[in-house]
J.: 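Below is one structure. I have some questions about it.
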Amino acid sequence: KGFAQTCACTSEYALISIHPQSEANQTLLNTVEVNSGVELSVEEIIARWQQNREAQKRRLENYVASSFLSLHFETTNLEPGFDFSMQLKQFFSRDGATELAQKEFYINGVKFGKNHEFPLPQIEPEKVLTQPLELKLNERYDYKLLGTEQVNETMCFVVGIEPKVRDEALYSGKIWIDGTTFREVKQYLSQRGVKSNVLVNVETQNFELVRDDKGNQFNLLRSISAQQLLNAAGRDFVLQRTVQFSDYVINTPHFSGALAAEHSSDDPMYRDTDQGLRTLRKKNGERVLVDKSVKRINALVAGAMYGGTFNFPIPFLGISKVDFDFHHTGAQLSTFFAGPILVTDLSKQFRPKFRVALDLSLNGLPGENRIYGNNTELVQGEVWTWAQTAGLRASWQATTHLSVTASTYFEYDNFLRTSQADEQYELPRNGLNVLPGLETKYNRNGYVFDAQGTRGERIDWRPFGCASLAQPPAGCGFSSANPPPQNALLVKRPQNAFTLYNADLYKDYYIGKFTKGGWDLSYWGGDQLDRFSRYFPSFLASPRLHGVPPGTDSFDAIAMANVHYGFNVMDFMKVDGMYAYARARNQNESLQFRKFDGLELNFNTPGPMGTLVQGTVSYALAGNLARYNSPWAAYILIFKPLR
């Protein structure tokens, strides 16, 4: 009498059967109440998720899985981005450490020998070849139930997480938890302020139920999609990382034998440790753990460049050195030295959101500053220029996706007439420029937006150019009867201050493992620009006007757009084709924007002795074609990592 019973059920349907415990003819009052969707607190949801995960850990003894890792790097001046890919075999044991074996290695979709280790310049291997972020919820986090959402036909609780302690490398983000089994279905985590060269790490993990040969189910990773913001040579560098997992073999009795066989192979291997990923070097037939991670990477860079304004290719040879822990201070020193050229940067992360960098650039090679009138080169005013710069950059990682950088550079300029220039052409005064600037960068979901502005202040400049035609004798061989075209060479009042600004928006798309396409929109402009402060597009400097030979034209405004598409050719060569369209203006020649467009072909292929050969060939379709010795331009680059 007065008996009541309550039960809980997690399945979609329940069969409830009620029968009397006394004689059948006795009156019995039955009441059944079914409550659907019982409200759980966020603490209960987290507790059940942790319970589910711990239960799986007790059942999961080992597994072997395949994974394909792809690293997609940001577009550079040389080419529309580059990619590194690896086929990996992963060995997990509950009683041991997770180990990775590198089975195949690709650069831009081109297959290299599988025994090549990670040969990236200016990027710490352990920072990008790393294990997934592992979320361990505890008292250092705040949780909030954000609602419910269906993911892969599974109704999930959505729990938001934020760290309570801001000075630790903790995560923020969301986790999707199966409302029935309380397994994790998806995680979106962001991390910043690790005080390393990885400034920000945003990672999405997707999980899936995988069966073993006995029919037991385990909740394991199926894919990872991450976007990292790296520090390379004091600059923010966007890296997109994807990992696809497949071919799980769970709780196999052959695990030890398979791992031993891999240890005896010549494949590069790595082990996940508390200090990060470490190399397992083969020594005397045994695998030995290398306690220290790679902190220095050296590389040899050689090549040649041919532009449409030169009659011969220009060779170059240099060495790149990167020290990720300079004098054990945690600072990064990046240096490129090639004879008369020295470029170096020293940067350091001081607080979770702040980084400071020092830059130095010394150049003993002159640049040839040309000037034209009516599409005719005015050799009377040709000038050799040298620029040496030093500066300071301070960056603030305002949010996970937004960074702001303030900079101040000091540039010392030297000027010298060429052998064809007229002695009456007055040169600017050699002297110092002060260049304060501001840059902001926003990246999300593969979109990258970058905007920057610079204000140049010239110290003690003087007028430059030819004497006025109104003052006899006429300067530079011109007269009233034979004036220079559009007075392009007449004496100019010095622009003691000028402004440069630009904005760029681009995105790349990845199809399958090695096929890639993308687009880029940008604008470059300025105010109070003269022949020495305008933009000079070239292969190795910004802006790069694709399809236009370097070192010919100068502009005070450029609007550019390009589309590119690349594919792999039989694992031997990666080919990337581009069409570029631009409208550009030089107000000394015309107030109108002219059309400049061209085609470009980028390629790379493995070379001898572990080298990577990269090249570009461009062809100008429209522009100032009469100025070019040839509409063709090309460069070739050979990259060789050094031990």
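Predicted model, so just to flag it, every value in this text is computed and none were measured.
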J.: Using only atom types and a distance under 3.5 Å, with no angle test, would you say the side chain of D520 pairs donor to acceptor with the backbone of A561?
T.: no
J.: Under 4.0 Å between a Lys/Arg side-chain N and an Asp/Glu carboxylate O for D553 and R594?
T.: no
J.: Quick one: does R393's side chain have a donor or acceptor within less than 3.5 Å of a partner on T405's backbone?
T.: no
J.: Any donor and acceptor pair, going by atom type alone, linking the side chain of Y619 with main-chain N or O of V548 inside 3.5 Å?
T.: no
J.: My understanding is that only residues two or more places apart in sequence, or in another chain, count here; which of them pass side chain to side chain donor-acceptor pair (under 3.5 Å) with T440?
T.: none
J.: Please say whether the positively charged group of K595, taken as NZ for Lys or CZ for Arg, lies over the ring of F593, i.e. under 6.0 angstrom from the six-membered ring centre and within 45 degrees of the axis.
T.: no
J.: At what distance, to the nearest 0.5 angstrom, does CG of L612 lie from CD1 of I107?
T.: 5.0 Å
J.: By side chain to side chain contact (heavy atoms under 4.5 Å, CB included), which residues pair with T385, not counting sequence neighbours?
T.: N369, V383, F415, F532
J.: To the nearest 0.5 Å, tell me how far H546 NE2 sits from M560 CE.
T.: 6.5 Å
J.: Do you see a donor-acceptor pair shorter than 3.5 Å between the side chains of Y306 and W632?
T.: no
J.: State, to 0.1 Å, how close S347 and A357 come at their nearest heavy-atom pair, and which atoms those are.
T.: CB-CB, 3.7 Å
J.: Is there a donor-acceptor pair closer than 3.5 Å between any side-chain N or O of D530 and the backbone N or O of S533?
T.: yes
J.: To the closest 0.5 Å, what do you measure between CZ (R531) and CD1 (I371)?
T.: 4.5 Å
J.: How long is the straight-line distance from NZ of K507 back to CG of N445, given to the nearest 0.5 Å?
T.: 7.0 Å
J.: One pair to check against side-chain hydrogen bond (donor to acceptor under 3.5 Å, both in side chains): E457 and N496. What are the steps and the verdict?
T.: CA-CA 6 Å; E457 296 286 343; N496 292 325; over 6 Å; no
J.: Report yes if the side chains of Q587 and Q592 come closer than 4.5 Å at any heavy-atom pair, otherwise no.
T.: no
J.: Identify the heavy atoms of A338 and L317 that sit nearest to each other, and give their distance.
T.: CB-O, 3.1 Å
J.: Is there a side-chain contact between I636 and V613, using heavy atoms and a 4.5 Å cut-off?
T.: yes
J.: Below 4.5 Å, heavy atoms only, C-beta onward: do Y372 and E589 meet side chain to side chain?
T.: yes
J.: Give the minimum heavy-atom separation between I341 and V343, together with the two atoms involved.
T.: CG2-CG2, 4.2 Å
J.: Does the side chain of T552 come within less than 4.5 Å of N624's, by heavy atoms?
T.: no
J.: Would you sort out whether Q332 and R355 count as a side-chain contact (heavy atoms from CB on, under 4.5 Å), showing the intermediate values?
T.: CA-CA 11 Å; Q332 179 189 135; R355 183 178 76 256; over 6 Å; no
J.: Against the six-membered ring of F555, is R585 placed for a cation-pi contact (under 6.0 Å from the centre, within 45° of the normal)?
T.: no
J.: Under the side-chain hydrogen bond (donor to acceptor under 3.5 Å, both in side chains) rule, what do N602 and H564 come out as? Steps first, then yes or no, please.
T.: CA-CA 10 Å; N602 295 282; H564 65 88; over 6 Å; no
J.: Decide yes or no on side-chain hydrogen bond (donor to acceptor under 3.5 Å, both in side chains) for D359 and Y409, but give the supporting numbers first.
T.: CA-CA 8 Å; D359 287 339; Y409 283 88; 2.4 Å; yes
J.: For the residue pair N433 and W461, establish whether any side-chain heavy-atom pair is separated by less than 4.5 Å.
T.: yes
J.: Start with the C-alpha gap between W386 and L365, add the side-chain angles, then the distance that decides, and say whether side-chain contact (heavy atoms from CB on, under 4.5 Å) holds.
T.: CA-CA 7 Å; W386 290 262; L365 293 177; 5.8 Å; no
J.: Does D325 use its side chain to pair, donor to acceptor, with the backbone of G330 at less than 3.5 Å?
T.: yes
J.: In terms of the angle between their ring planes, are Y442 and H401 parallel, tilted or perpendicular, with boundaries placed at 30° and 60°?
T.: tilted
J.: Any non-hydrogen side-chain atom of P315 less than 4.5 Å from a side-chain atom of M305?
T.: no
J.: Taking NZ, NE, NH1 and NH2 as the nitrogens, is one of them in E423 or R417 under 4.0 Å from a carboxylate oxygen of the other?
T.: yes
J.: Say whether, by atom type as modelled, one donor and one acceptor occur between the side chain of R462 and the main chain of L427 under 3.5 angstrom.
T.: yes
J.: Roughly how far, to the nearest 0.5 Å, is the CZ atom of R458 from the CG atom of L432?
T.: 12.0 Å
J.: Look at the side chain of Q424 and the backbone N and O of C466, then say whether any donor-acceptor pair between them is shorter than 3.5 Å.
T.: no
J.: Keeping the roles fixed (side chain from T344, backbone from S334), state whether a donor-acceptor pair exists under 3.5 Å.
T.: yes
J.: So K321 and R296, side-chain contact (heavy atoms from CB on, under 4.5 Å) or not? Walk me through it.
T.: CA-CA 7 Å; K321 290 179 166 288; R296 293 182 181 179; over 6 Å; no
J.: Flag the pair S320 / F639 as yes when at least one side-chain heavy-atom distance between them is below 4.5 Å, and no otherwise.
T.: no
J.: Can you sort out the partners of N502 under side chain to side chain contact (heavy atoms under 4.5 Å, CB included), two or more places apart, ordered by chain and number?
T.: Q452, W524
J.: Give the minimum heavy-atom separation between T616 and F603, together with the two atoms involved.
T.: N-CE2, 4.2 Å
J.: Should the pair Y581 and Y579 be assigned to parallel (<30°), tilted (30 to 60°) or perpendicular (>60°) ring geometry?
T.: tilted
J.: Would you give the length of the straight line joining atom OG1 of T605 to atom CE of M573, rounded to the nearest 0.5 angstrom?
T.: 4.5 Å
J.: Got a salt bridge between E377 and R370, using NZ or NE/NH1/NH2 to carboxylate O under 4.0 Å?
T.: yes
J.: Could you report the tightest heavy-atom contact between L529 and T499, atom names first, then the distance?
T.: CD2-O, 3.5 Å
J.: Please check if atom CH2 in W396 has more than 12 non-hydrogen atoms from other residues, nucleotides or ligands closer than 6.0 Å.
T.: no
J.: Got a salt bridge between E439 and K441, using NZ or NE/NH1/NH2 to carboxylate O under 4.0 Å?
T.: no
J.: Check side chain to side chain donor-acceptor pair (under 3.5 Å) between Y510 and all other residues, then give those that pass, not counting sequence neighbours.
T.: none
J.: Identify, with sequence neighbours excluded, every residue that meets side chain to side chain donor-acceptor pair (under 3.5 Å) alongside T454.
T.: none
J.: Report yes if some heavy atom in the side chain of V563 is under 4.5 Å from a heavy atom in the side chain of Y565; otherwise report no.
T.: no
J.: Using modelled atom types only, decide if a donor and an acceptor are shared between the side chain of K348 and the backbone of T329 within a distance under 3.5 Å.
T.: yes
J.: With sequence neighbours left out, write down each residue that passes side chain to side chain contact (heavy atoms under 4.5 Å, CB included) with A634, or none if nothing qualifies.
T.: V617
J.: Do you know the tightest heavy-atom contact between Y425 and G381?
T.: CD1-CA, 3.9 Å
J.: Please assess N586 against S554 for the test side-chain contact (heavy atoms from CB on, under 4.5 Å), listing each intermediate value before the final yes or no.
T.: CA-CA 7 Å; N586 182 328; S554 62; 3.4 Å; yes
